[in-house]
Amino acid sequence: MESILFARGRWKPLSNSSLREKNIVFIGFMGAGKTTIGKLVAKKLYRDFIDIDEEIEKEYNMPIPKIFAEIGEKAFREKEKELIQNLCHYKLKIIWVGGGAFLQEEIRKLCLDSSIVFYLDITWDAWKSRLSSIIDSRPVLQGKSIEEIEELFYKRKEIYTNNYHSMIEISNQSMDELAESIVKTIKLSWELHETK
Ligand code: S3P
């Protein structure tokens with residue numbers, strides 16, 4: 001069955017896209033701020049922002065915790081892969097992928113080959129203070145001790161740090177300042193690497 005992303009038919013596929021036209025994919029651990037920052041960057045670059053989790057929720061017509069509970073993580077991961085695969089054939093989008101998407105090698109490879117992958121890095125200490133505000137909506141964190149969550153955090157960090165094109169550390173800057181730094185980095189890479 002055709003994905004909802006194709007069914008909408010508003011994005012033009014493009015092969016051999018120039019650096020300037022490539023999608024920008026944000027990766028990073030749950031609660032690192034991908035949605036907020038991704039939306040700000042999209043606005044500053046006049047691009048569409050696509051939240052893969054939101055697309056999955058629309059397809060199943062239920063929130064993520066319910067999808068995990070009723071349909072299962074395996075089906076969630078398959079849908080996540082299908083939607084990202086479809087989107088990577090398009091251009092000029094800002095795409096936020098869930099923190100678990102880069103666990104799948106096919107997704108990592110596809111995003112790195114087709115898009116600019118931006119990693120939002122956050123320290124464990126800074127992230128820990130956000131836990132209580134995000135745990136209810138993140139089934140992957142539920143039922144785990146703080147030690148288990150820390151282990152997951154560092155396991156994921158290793159995957160992210162080995163699979164990105166550009167990285168920014170989330171520190172005390174405001175979300176808007178971070179988005180501005182990201183936009184500057186992206187524009188600089190366009191200028192430095194653009195051949196035409
Ligand atoms: C997940 C992260 C979530 C969401 C789902 C699974 C994960 O997205 O995709 O709950 O495995 O890390 P965020 O990274 O936006 O929280």
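When a ligand or atom number is given, it counts from 1 through the structure's own listing order. No hydrogens, no waters, no symmetry mates; every other heavy atom, side chains included, goes into these values.
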Task: Residue pairs, two or more places apart or on separate chains, that pass ring-ring contact (aromatic ring centres under 6.0 Å, His included) and touch residues 39-84 - done: F68-F76
Open item on the list: For residues 117-126, which residue pairs pass the side chain to side chain donor-acceptor pair (under 3.5 Å) check, not counting sequence neighbours?
Closed with: Y119-D121, D121-K157
- [ ] Could you tell me whether D113 and R108 have a side-chain N and a carboxylate O separated by less than 4.0 Å?
- [x] no
- [ ] Using a strict cut-off of less than 4.0 Å between a Lys/Arg side-chain nitrogen and an Asp/Glu carboxylate oxygen, indicate whether R77 and E80 qualify as a salt bridge.
- [x] yes
TODO: With sequence neighbours left out, write down each residue that passes ring pair (Phe, Tyr, Trp, His ring centres under 6.0 Å) with F118, or none if nothing qualifies.
DONE: F26
N/O pairs closer than 3.5 Å, ligand 1 and protein:
unit_1	atom_1	unit_2	atom_2	d
ligand 1	8 (O)	D53	OD2	2.8
ligand 1	9 (O)	D53	OD1	2.8
ligand 1	9 (O)	D53	OD2	2.9
ligand 1	11 (O)	R77	NH2	2.7
ligand 1	11 (O)	R156	NH2	3.1
ligand 1	12 (O)	G100	N	3.0
ligand 1	12 (O)	R156	NH1	2.7
ligand 1	14 (O)	K34	NZ	2.8
ligand 1	14 (O)	G99	N	2.7
ligand 1	15 (O)	W96	NE1	3.3
ligand 1	16 (O)	R138	NE	2.5
ligand 1	16 (O)	R138	NH2	3.1

Open item on the list: What's the separation between atom NZ in K187 and atom NZ in K184, rounded to the nearest 0.5 Å?
Closed with: 10.0 Å
